[in-house]
Amino acid sequence: MHTPDVSVVIPVYNTLPYLRACLDSLLRQTIGRHRLEIVAVDDGSTDGSGRLLDRFAARHPGTVKVVHQPNSGGPAAPCNRGLELATGRYVFFLGSDDHLGPEALERLVAAADRYGSDVVLGKVVGVNGRHVFSDVFAAGNTVDVSLFDSALPWSLANTKLFRRDLVDRLGLRFPEDMPVLSDQPFTLAACYHARRISVLADYDYYHAVRRLDARNITYHSRIEQRLVSVERLFDFVAGLIPAGPRRDAVLRRHVGLELANLVGDDFRRLDRAAQERVHAAVRRLVERYVTDGLRKRLDIEARLRLGAVTAGGVGDLLAVIDQDAERGVPATVVAHGRWHAGYPDAPASWTDVTEVRADWLARLDTVTVSWADAHTLAVTTRSPYPRFAAEAGPVRLLAGPLAGTTLLDATDPTGRTVRTDFPVERLLAGSAASGQRHPVRAELDGDHGRGSAPVRAPRLAAGRPRLVRRGARLYGVAATVDPRNGQLVLSVVPVTVGQLVSRLRRRWRRSGPAVARPVPVPPPARPADSPAQVGPANHAEPGPAQVGQLAVTS
């Protein structure tokens, strides 16, 4: 019996608007259908996805396998079922709302065979504003990547090529008692035991799509599911990797992302009983797993939030979140040679930032975001620290990897306000054709060393994106706010003609034909320039806080 080179496992649940593009991307793979097996598991879909799968299987009986099962409540069970049916030398997991570049599988299999790699990660790009962690791709193609000395822990989705011999030898399966995050134990175990992990950054292999309905379990899981899954994930890591620097290197991601997100700005939206459960679980995990060495490597905001959890109750944590989200960076309290974050009524046991003064100084609040001209987005930020100009040193703001031009604001005699200009052309050039989110961070290098912190936007006024043309494509460029952590994000999202027409129709219906003024659509010029890499994630979506006017710029 013929053994395919690669089996692609697709768990499917109610993704009909995206499923055809997903399957078409596989059937167009340059590796050829004789080397490819597609195993799709319909997890109780109710929107017609199962019927579409059956039609594809009927048309391609030697390539597409379909199995139907009752809904399991998460992606783990269908992934396991698909793994049982897969027969390829390698296995690849693909989300049913995502798709692959045409050469993806051929390149991935060739690299795994050439280098003897057990795990191969191809470059991932976001679609529709989907956030993707991309630091692991910054060094280009890398034959041998370490799990403990790279950005790989920030890219632990199962959307990789895995050698089947490794999966079988370890008996790897997805934990079905984890409603979310179930791909991370699988991926972690594979990477921990792999002889070699390779990263390919020379091609857009995987296109991760942000679903416009945003209703799947990953986006809107219940808090109880999140708590259960995060606790089981931490316990899994502890059982896999002995205590020490290597475990800390992996847990740095889980503490700084999954754990810190549990006490992000949206913590305030939970009812009090849920807040108490989250607070207790986070405190337990911090006390059990966050070593002094790990704590020192966390971002300044994660350090302070988790410190507030361990030092006080829910009310103390809410006071910190309210300060950050509503009023901005608190004052710096200097006493007896020590620096403290001046949160109201906060005990000194966790507010001490003396050892990370540079990171503390890098915490800036957004004052305004405006269009300096048709081609420049200007971000004005301010520090509450009185001696900022004297001690911070050179300051720059980065939107993802893109550094803007930062200067002190001459209108502020205290020197605590800086303005950073981001040319729109550079934002477009640094974004994939499918869109890009650029989280904004501040970096400085002064008397207290080098520091870095996310730039918050606690009171950013709402507005509309500006439409910008690049080649034959239109993009919406806007400043948005991550609803989970309040970070400023510069978003570049492609706009289709259909979306533009729908927007104009809505405006026409609101205003009436006598006053409606259609936005001129520029004619196509040259083909769009080649896309660049998306800059992870996160997960802030273009949201309520946006700037700019609805206009078209060439």
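Everything numeric here is computed off the predicted structure, so don't read it as measured data.
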salt_bridge([X], [Y]) N-O dist < 4.0 Å:
X      : Y      : result
Asp265 : Arg456 : yes
Asp168 : Arg164 : yes
Asp98  : Arg210 : no
Glu258 : Arg226 : no
Arg484 : Asp482 : yes

Counting distance only, does the side-chain N/O of [X] pair as donor-acceptor with the main-chain N or O of [Y] below 3.5 Å?
X      : Y      : value
Asp271 : Ala273 : yes
Ser229 : Val180 : yes
Glu37  : Thr63  : no
Arg196 : Tyr115 : yes
Arg28  : Pro102 : no
Gln275 : Phe267 : yes
Arg277 : Glu224 : no
Asn141 : Ala201 : yes
Arg163 : Ser117 : yes
Tyr206 : Gly122 : no

With Ser150 via side-chain hydrogen bond (donor to acceptor under 3.5 Å, both in side chains) - residues at least two apart = none

Check whether any side-chain heavy atom of [X] sits under 4.5 Å from a side-chain heavy atom of [Y], and report yes or no.
X      : Y      : value
Tyr205 : Phe92  : no
Leu147 : Val250 : yes
Val9   : Leu94  : no
Arg59  : Arg55  : yes
Val12  : Ser45  : yes
Thr187 : Cys191 : yes
Val8   : Val39  : no
Cys22  : Ile10  : yes

Hey, could you give me the [atom1]/[atom2] distance between [X] and [Y], rounded to the nearest 0.5 Å?
X      : Y      : atom1 : atom2 : result
Leu26  : Ile38  : CG    : CD1   : 4.5 Å
Ser182 : Arg232 : OG    : CZ    : 11.5 Å
Asp43  : His68  : CG    : NE2   : 12.0 Å
Cys79  : Glu176 : SG    : CD    : 9.5 Å
Leu262 : Glu231 : CG    : CD    : 9.5 Å
Arg441 : Gln487 : CZ    : CD    : 6.5 Å

Which heavy atom in [X] sits nearest to a heavy atom in [Y], and how many Å separate them?
X      : Y      : value
Leu427 : His438 : O-NE2, 3.8 Å
Val136 : Ser155 : CG1-OG, 3.6 Å
Arg20  : Phe56  : NH1-CE1, 3.9 Å
Ile321 : Val263 : CD1-O, 3.8 Å
Leu161 : Val6   : CD1-CG2, 3.8 Å
Leu166 : Ala190 : CD2-O, 3.7 Å

Leu108/Tyr90 under side chain to side chain contact (heavy atoms under 4.5 Å, CB included): CA gap, chis, key distance, verdict = CA-CA 10 Å; Leu108 290 167; Tyr90 297 98; over 6 Å; no

request  = Check whether more than 12 heavy atoms from other residues, nucleotides or ligands sit under 6.0 Å from atom CZ of Arg268, and answer yes or no.
outcome  = yes

key: Any donor-acceptor N or O pair under 3.5 Å, side chains Ser49, Asp42   = no

query = Any side-chain donor paired with an acceptor under 3.5 Å for Ser431 and Gln436?
reply = no

task = Would you kindly check if the NZ (Lys) or CZ (Arg) of Arg469 is within the cone defined by 45 degrees around the ring axis of Tyr475 and under 6.0 Å from the six-membered ring centre?
result = no

Worked verdict on Thr30 versus Glu106 for side-chain hydrogen bond (donor to acceptor under 3.5 Å, both in side chains) = CA-CA 6 Å; Thr30 58; Glu106 183 177 20; 2.5 Å; yes

ask   = Hey, what's the ring geometry for Tyr289 with Phe234, parallel, tilted or perpendicular (30° and 60° as the breaks)?
value = tilted

task = Would you sort out whether Glu425 and Arg470 count as a side chain to side chain contact (heavy atoms under 4.5 Å, CB included), showing the intermediate values?
result = CA-CA 8 Å; Glu425 184 59 32; Arg470 187 169 195 248; 3.0 Å; yes

task = Take Arg89 and Asp113 through the side chain to side chain contact (heavy atoms under 4.5 Å, CB included) test and state the conclusion after the steps.
result = CA-CA 10 Å; Arg89 294 191 300 122; Asp113 286 341; 3.0 Å; yes

message = Set out, in order, the CA-CA distance, both residues' side-chain angles and the distance that settles side chain to side chain contact (heavy atoms under 4.5 Å, CB included) for Leu474 and Val468, then state yes or no.
response = CA-CA 6 Å; Leu474 280 176; Val468 179; over 6 Å; no

key: Non-neighbouring partners of Phe174 that pass ring pair (Phe, Tyr, Trp, His ring centres under 6.0 Å), sequence neighbours left out   = Phe93, Phe186

